[in-house]
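Below is one structure; the comments refer to it alone.
Lettering follows sequence order; numbering is per chain, from 1.
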There are 2 protein chains.
Amino acid sequence: MNTLSYGLLALLAQESCTGYELMLKIQPVWQAKHSQIYPILAKMERSGLVQFVSVAQKEKPDKKVYSITEKGTSALQAWLPDLSAEPVKRDEMLLKMYCLWLADAATTERLFRERLKLYAKRMEKFRASLAELEGAEQGSGKPLGVRTPSFGKYVLLKRAIDHARMEIDWCEWVLGMLKSGIDSSGA
Amino acid sequence: MNTLSYGLLALLAQESCTGYELMLKIQPVWQAKHSQIYPILAKMERSGLVQFVSVAQKEKPDKKVYSITEKGTSALQAWLPDLSAEPVKRDEMLLKMYCLWLADAATTERLFRERLKLYAKRMEKFRASLAELEGAEQGSGKPLGVRTPSFGKYVLLKRAIDHARMEIDWCEWVLGMLKSGIDSSGA
DNA sequence: CGAAGCATGTAATAGGTTACATGATTAT
DNA sequence: ATAATCATGTAACCTATTACATGCTTCG
């Protein structure tokens, strides 16, 4: 049982889904391909943490809908209070910062414009998701309390938006420096 | 040549260092252990991108001081304008958000307090580094222009502080929700 | 007509972590 | 005393990506 396994279990605790759905859902927090998820699911099924039912579909491939077992829920609750590993990030664009000074002005500007675009897109997407979640909340009458399964999605969405905002602000701040002639000093 | 190789090259373009120093310097942007860095350095030396001189030290182990070659600088400049891969992040604490609703109030609070502490520490560290950099800048008389080797460190530090600020704010926002009784809804 | 989405899986490879190995000094 | 810092390297293992494999539908 590695961290990704627990993440999948956590998603299954919210609602039953297929491996494919889990792969899509976990992306914002943990990038994993389907080739990593399917074997984990099979392994967790063998150890009784999850179970599945095969569902035949017309005009689409058959699917396996996984759900968490009692044993799985216990495992999750044991993992939750454990001290979490420090976040790991690998960001190619940030590595480029170390040698920005040997790039031309056009390349430098493009680097930041590309990143700006990336996070602007993400922000849009996350905002739409948040609006959707808030709409569903009002529809059901239930408020987003800590003890409701969608609370996690809610705080994660809030954080994702804040993060995108920060990245956008940072890009604009640097872009502003490029324009305001501060860059001309060493050229 | 993978992304980490280019990152090491980028650091060496700023100043010559040992593998050990590179390992420490690259941490904020790309988490890598020495066991990964030494073989890469040896490989880049064999292909002529970097070179090294052995320096004997008294009361410390001998070291190899690596520096970038012309060939290495060309490779860096070719990498810079390439479209950067999207940032990868793996954050165990965020995975836990999905099953927060099955944790007790004390565990939930501890989770956020631990993260708050982590980022408060980082913020302190980054602020100290920024103050140091700004001090060195004033001492040298040279402003932090885009074309100076320390510009990258500067923008990276600014971003690290902004990021830590965001994480802290998020934790405090959630912690506030826990206290204000919003959590009592589903309990 | 080709690309993308749904849906599952395996195999090969690359990337990254932990452990093994050594050894002196300095701080707690 | 024990841990941490400096300093380098290798081996074993785990994690993650890319490629291979299949197949039908819908959208551009």
Side-chain angles (χ1 to χ4, degrees), chain A residues 1-9 11-12 16-46 50-66 84-92 95 125, chain B residues 1-9 11-12 16-46 50-66 84-92 95 125:
Chain A
M1 287 292 285
N2 55 23
T3 310
L4 177 56
S5 306
Y6 283 109
L8 297 174
L9 224 43
L11 282 168
L12 287 174
S16 300
C17 7
T18 66
Y20 190 83
E21 287 170 330
L22 287 170
M23 183 264 294
L24 295 176
K25 281 188 182 185
I26 211 161
Q27 293 306 314
V29 178
W30 199 283
Q31 287 83 54
K33 313 278 151 125
H34 71 273
S35 54
Q36 206 181 354
I37 289 173
Y38 291 128
I40 288 175
L41 246 19
K43 202 180 154 191
M44 289 201 292
E45 194 271 328
R46 285 194 296 272
V50 298
Q51 58 190 81
F52 69 87
V53 276
S54 290
V55 176
Q57 292 184 114
K58 29 183 189 238
E59 297 164 20
K60 264 187 196 177
D62 291 4
K63 63 183 180 181
K64 289 180 180 178
V65 178
Y66 283 88
S84 304
E86 289 199 13
V88 170
K89 50 193 84 163
R90 295 186 219 276
D91 195 328
E92 186 171 17
L95 282 179
K125 209 180 62 182
Chain B
M1 287 292 284
N2 54 24
T3 311
L4 177 56
S5 307
Y6 285 108
L8 297 174
L9 225 43
L11 283 168
L12 287 174
S16 299
C17 8
T18 66
Y20 189 83
E21 287 170 329
L22 288 170
M23 183 263 295
L24 294 175
K25 282 188 182 185
I26 211 161
Q27 291 308 313
V29 179
W30 199 282
Q31 288 83 54
K33 313 281 151 119
H34 72 273
S35 55
Q36 207 181 354
I37 291 173
Y38 291 128
I40 288 176
L41 246 20
K43 202 181 156 190
M44 289 201 294
E45 195 271 330
R46 286 194 297 272
V50 298
Q51 56 189 81
F52 69 88
V53 276
S54 290
V55 177
Q57 293 184 114
K58 30 180 190 249
E59 298 164 18
K60 261 187 199 175
D62 291 3
K63 62 181 181 183
K64 289 180 178 177
V65 179
Y66 283 88
S84 305
E86 289 200 12
V88 169
K89 48 193 84 165
R90 293 186 220 275
D91 197 327
E92 187 172 15
L95 282 179
K125 208 180 63 183

Separation of [N] [atom2] from [X] [atom1] (nearest whole Å):
{"X": "B:L24", "N": "D:dA4", "atom1": "CG", "atom2": "C1'", "value": "12 Å"}
{"X": "B:L4", "N": "D:dA16", "atom1": "CG", "atom2": "C1'", "value": "15 Å"}
{"X": "B:Y20", "N": "D:dA4", "atom1": "OH", "atom2": "P", "value": "12 Å"}
{"X": "B:E21", "N": "D:dA7", "atom1": "CD", "atom2": "P", "value": "6 Å"}
{"X": "A:K43", "N": "C:dG9", "atom1": "NZ", "atom2": "P", "value": "16 Å"}
{"X": "B:Q57", "N": "C:dT26", "atom1": "CD", "atom2": "P", "value": "13 Å"}
{"X": "B:I40", "N": "D:dT8", "atom1": "CD1", "atom2": "P", "value": "15 Å"}
{"X": "A:H34", "N": "C:dG5", "atom1": "NE2", "atom2": "C1'", "value": "13 Å"}

Spacing of B:Q36 atom CD and B:S5 atom OG [to the nearest 0.5 Å] =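 The CD atom of B:Q36 sits 9.0 Å away from the OG atom of B:S5.
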task = To the nearest 0.5 Å, tell me how far A:E21 CD sits from A:I37 CD1.
result =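 Output value for this atom pair is 11.5 Å.
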inquiry  = Between B:E92 (side chain only) and A:A85 (backbone N and O only), is there a donor and an acceptor less than 3.5 Å apart?
reply    =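 Between the backbone of A:A85 and the side chain of B:E92 there is a qualifying donor-acceptor contact (under 3.5 Å).
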request  = Give a yes or no answer on whether the side chain of B:Q31 reaches the backbone of A:K89 with a donor-acceptor pair at less than 3.5 Å.
outcome  =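 Such a contact is found between B:Q31 side chain and A:K89 backbone.
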Distance check: side-chain N/O of [X] vs OP1/OP2 of [N], anything under 4.0 Å?
{"X": "A:Y38", "N": "C:dT8", "value": "yes"}
{"X": "A:K33", "N": "D:dT18", "value": "yes"}
{"X": "B:R90", "N": "D:dT15", "value": "no"}

task = Applying side-chain contact (heavy atoms from CB on, under 4.5 Å) between B:L8 and each of B:M44, B:M23, B:K25, report the one that passes.
result =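 Of B:M44, B:M23, B:K25, side-chain contact (heavy atoms from CB on, under 4.5 Å) with B:L8 is met by B:M44 alone.
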task = With DNA chain D as reference, determine whether B:V88 or B:Y66 sits nearer its 5' end, using the nearest nucleotide of each.
result =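 Residue closer to the 5' terminus by nearest nucleotide: B:Y66.
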key: Comparing A:N2 and B:P39 on DNA chain D - which has the more 5′ nearest nucleotide   =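 Closest to the 5' end, via its nearest nucleotide, is B:P39.
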task = Just compare C:dG15, C:dT17, C:dA7 and give me whichever is closest to any side-chain atom of A:K60.
result =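 Among the listed nucleotides, the one closest to the side chain of A:K60 is C:dA7.
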Minimum-distance nucleotide to B:K64 side chain [options: D:dG9, C:dG15, C:dA11] =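 That would be D:dG9.
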task = Would you indicate what B:T18 reaches in the nucleic acid, counting non-hydrogen atoms under 4.0 angstrom: base, sugar-phosphate, or nothing?
result =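 B:T18: backbone/sugar contact only, no base atoms under 4.0 Å.
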